Amino acid sequence: METGDRGPNESLIGVPGSRHQLGTPSLVIDVDIMDANIAELARHAASHGYEVRPVGKIHKSVEITRRQVEAGGRGPCCATLAEVEVMVDAGFSDVMLFTSVVTAPKLDRLAEVNARAEGLIVCADHAANVIQLGEAARRSGRPIRVLVDLETGSHRTGVADEDEAVALARLIVDTEGLEYAGVQGYTGGHMNTVDFEARRSRGLEVLEPVVRVTERLRAEGLDPEIVSGGGTGTHDIDHELGVFTEIQAGTYVLMDTNYYHVVQRRDEPSPFGPALFVRTTVISNTQPGFVITDAGIKEVDVIFGIDKPAILRGAPPGSIYEVVGDDMGKVTFADPRDRLEIGDVVEILPPHCYQTIVLYRYLHVVSGDTLVDIWPVDAYDNW
């Protein structure tokens, strides 16, 4: 990003103590915590025999992706074609798109990005779409790698019938322009189950169809090179059956309240630290028992309406944070005698990092008390 195009806090880069001078509301990443999270999952992957497929939709950042790949991760896993375009143009290979591309304009864009990509991977769950992908690949002049998308309990995309899954793999092999690469089997509904053993039980259950389909494919000469799925909440479970070659881990890199209290590992409940937070300023304290801040629904995700932001720093013990307006939040004190003054700053952990990041253009990167850089949210667009 060019100098002068990094928002109103750019002049603070490198200034000692500049973390505490940031204009608010601002989205902040503690780069030391983030890098430790990246290193920790890379270590776990190496010791348990799988690869990390970092989920680009979580942060939409080229720089964060670069750090994940340099730590040993595969190319990023993307939710949208726009994310794929950004990551390919940033020089990443082995980029995966885990959602289907079915409309003519997007298939044209897929052909265009594949023409300049190396090892692009897409997922498919329908024979008609496989034919479309073959046509796009031939227009691009280079093959597209395709995974069979399996339905494993989320009731979203994916082939539920195992015979159809095998037939779809055969069709991919037989379609000019396509290369059969394996299968995807992702289910996310149990990822944030707090209790480890309950999550493990459900996690192993949803892997059963992935195991069965993978075994059938191997028996029929369609051995999948890639078996992709799993995630942050099940990374210490997914490797147990030895079926996944890679795990689609995303939130681990930044963390949020959705995962913050989840027992991630049986013997190590919290291996990942909260690296992402919103800094918000007290703008009103005229009434007892609470104050109003400048971070509301346009600055902190509460899209699911069940999780509240967690206060990390800056408020009296026991205080809670709520979104009470488009651009206003509320800190309610446990003790009504507590106070915060106008201009005081509170740092909050958002409920869902990926939903909060899309509300911002800039990621303010701090190390200790210093703003060390400002990164763009590169894949800001979702089309």
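Numbers here are sequence positions counted from 1. Basis for what follows: all heavy atoms, side chains included, without hydrogens, waters or symmetry-related copies. Please read all numbers here as calculations on a predicted model, not as lab measurements.
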Going by heavy atoms in the side chains, are [X] and [Y] under 4.5 Å from each other?
{"X": "R74", "Y": "Q248", "result": "no"}
{"X": "V166", "Y": "L217", "result": "yes"}
{"X": "L363", "Y": "S61", "result": "yes"}
{"X": "V377", "Y": "R361", "result": "no"}
{"X": "K60", "Y": "Y354", "result": "no"}
{"X": "V300", "Y": "P351", "result": "yes"}
{"X": "L171", "Y": "L178", "result": "no"}
{"X": "P271", "Y": "Y252", "result": "no"}

Would a hydrophobic clustering, with Ile, Leu, Val, Met, Phe, Trp and Tyr connected at side-chain separations under 4.5 Å, put [X] with [Y]?
{"X": "L312", "Y": "V345", "value": "no"}
{"X": "L254", "Y": "W375", "value": "yes"}
{"X": "F98", "Y": "M87", "value": "no"}
{"X": "L359", "Y": "V346", "value": "yes"}
{"X": "L147", "Y": "V52", "value": "no"}

Under 3.5 Å, is there a donor-acceptor pair between the side chain of [X] and the main chain of [Y]?
{"X": "N9", "Y": "G23", "value": "yes"}
{"X": "E151", "Y": "S154", "value": "yes"}
{"X": "D32", "Y": "D35", "value": "no"}
{"X": "R142", "Y": "A117", "value": "yes"}
{"X": "S93", "Y": "G119", "value": "no"}
{"X": "N37", "Y": "V253", "value": "yes"}
{"X": "D378", "Y": "V62", "value": "yes"}
{"X": "R199", "Y": "T193", "value": "yes"}
{"X": "R170", "Y": "E220", "value": "yes"}
{"X": "T232", "Y": "T251", "value": "yes"}

Quiz item: Going through the distances and angles, do Q21 and V15 end up as a side-chain contact (heavy atoms from CB on, under 4.5 Å)?
Solution: CA-CA 9 Å; Q21 302 172 44; V15 177; 4.2 Å; yes
Quiz item: Taking it one step at a time, do Y50 and F244 satisfy ring pair (Phe, Tyr, Trp, His ring centres under 6.0 Å)?
Solution: CA-CA 7 Å; Y50 66 88; F244 282 138; 9.3 Å; no
Quiz prompt | R265 vs H235, side-chain hydrogen bond (donor to acceptor under 3.5 Å, both in side chains): CA-CA, chis, key distance, verdict | solution = CA-CA 8 Å; R265 301 174 188 165; H235 76 278; 2.9 Å; yes
Which heavy-atom pair separates [X] from [Y] by the least distance, and what is that distance?
{"X": "G230", "Y": "I247", "answer": "C-CG2, 3.9 Å"}
{"X": "V84", "Y": "M96", "answer": "CG2-O, 4.5 Å"}
{"X": "T257", "Y": "P309", "answer": "CG2-C, 4.2 Å"}
{"X": "P224", "Y": "V183", "answer": "CB-N, 4.3 Å"}
{"X": "V372", "Y": "I13", "answer": "O-CG2, 3.5 Å"}
{"X": "I33", "Y": "P274", "answer": "CD1-O, 3.6 Å"}

Value rounded to 0.5 Å, distance of [atom1] in [X] from [atom2] in [Y]:
{"X": "M34", "Y": "Q68", "atom1": "CE", "atom2": "CD", "answer": "7.5 Å"}
{"X": "S270", "Y": "Y260", "atom1": "OG", "atom2": "OH", "answer": "7.5 Å"}
{"X": "I144", "Y": "L110", "atom1": "CD1", "atom2": "CG", "answer": "4.5 Å"}
{"X": "L349", "Y": "T356", "atom1": "CG", "atom2": "OG1", "answer": "9.0 Å"}
{"X": "E70", "Y": "I38", "atom1": "CD", "atom2": "CD1", "answer": "9.5 Å"}
{"X": "I292", "Y": "T280", "atom1": "CD1", "atom2": "OG1", "answer": "10.0 Å"}

Quiz item: Between V122 and N114, is a side-chain contact (heavy atoms from CB on, under 4.5 Å) present by the stated rule, with each step listed?
Solution: CA-CA 10 Å; V122 300; N114 188 57; over 6 Å; no
For [X], is the [atom1] atom crowded, meaning more than 12 foreign heavy atoms sit under 6.0 Å from it?
{"X": "H126", "atom1": "NE2", "value": "no"}
{"X": "E118", "atom1": "CD", "value": "no"}
{"X": "E176", "atom1": "CD", "value": "no"}

Practice problem: Apply salt bridge (Lys or Arg N to Asp or Glu O under 4.0 Å) to the pair R212 and E215, showing each step before the final yes or no. | Solution: CA-CA 5 Å; R212 288 196 302 269; E215 289 175 348; over 6 Å; no
Self-check item: Check against salt bridge (Lys or Arg N to Asp or Glu O under 4.0 Å), K298 and D327
Solution: CA-CA 6 Å; K298 288 160 57 179; D327 298 283; 3.2 Å; yes
Practice problem: Mind running side-chain hydrogen bond (donor to acceptor under 3.5 Å, both in side chains) on Q184 and S228 for me, showing each step along the way? | Solution: CA-CA 5 Å; Q184 171 181 252; S228 186; 5.1 Å; no
Quiz item: Is any side-chain N of the basic residue among E40 and R43 closer than 4.0 Å to the acidic one's carboxylate O?
Solution: yes
Quiz prompt | Basic-acidic side-chain contact under 4.0 Å: D94, R53 | solution = yes
Practice problem: Test R202 against E205 for salt bridge (Lys or Arg N to Asp or Glu O under 4.0 Å), laying out the working first. | Solution: CA-CA 5 Å; R202 176 58 179 159; E205 178 185 348; 3.2 Å; yes
Quiz prompt | D236: which of R266, R200, H44 passes side chain to side chain donor-acceptor pair (under 3.5 Å) | solution =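 Of the listed options, the one satisfying the test is H44.
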Practice problem: If a pair satisfies ring-ring contact (aromatic ring centres under 6.0 Å, His included) and one of its residues is in residues 141-198, list it, with sequence neighbours excluded. | Solution: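 Passing the test, one end in residues 141-198: no pairs.
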Practice problem: Test side-chain contact (heavy atoms from CB on, under 4.5 Å) on V86 and E83 and set out the steps. | Solution: CA-CA 5 Å; V86 167; E83 291 171 3; 5.8 Å; no
Self-check item: Pair Y362-E10, side-chain contact (heavy atoms from CB on, under 4.5 Å): steps then yes or no
Solution: CA-CA 10 Å; Y362 309 105; E10 182 176 9; over 6 Å; no
Practice problem: Tell me, with the steps shown, if T157 and D125 meet side-chain hydrogen bond (donor to acceptor under 3.5 Å, both in side chains). | Solution: CA-CA 7 Å; T157 64; D125 65 1; 4.9 Å; no
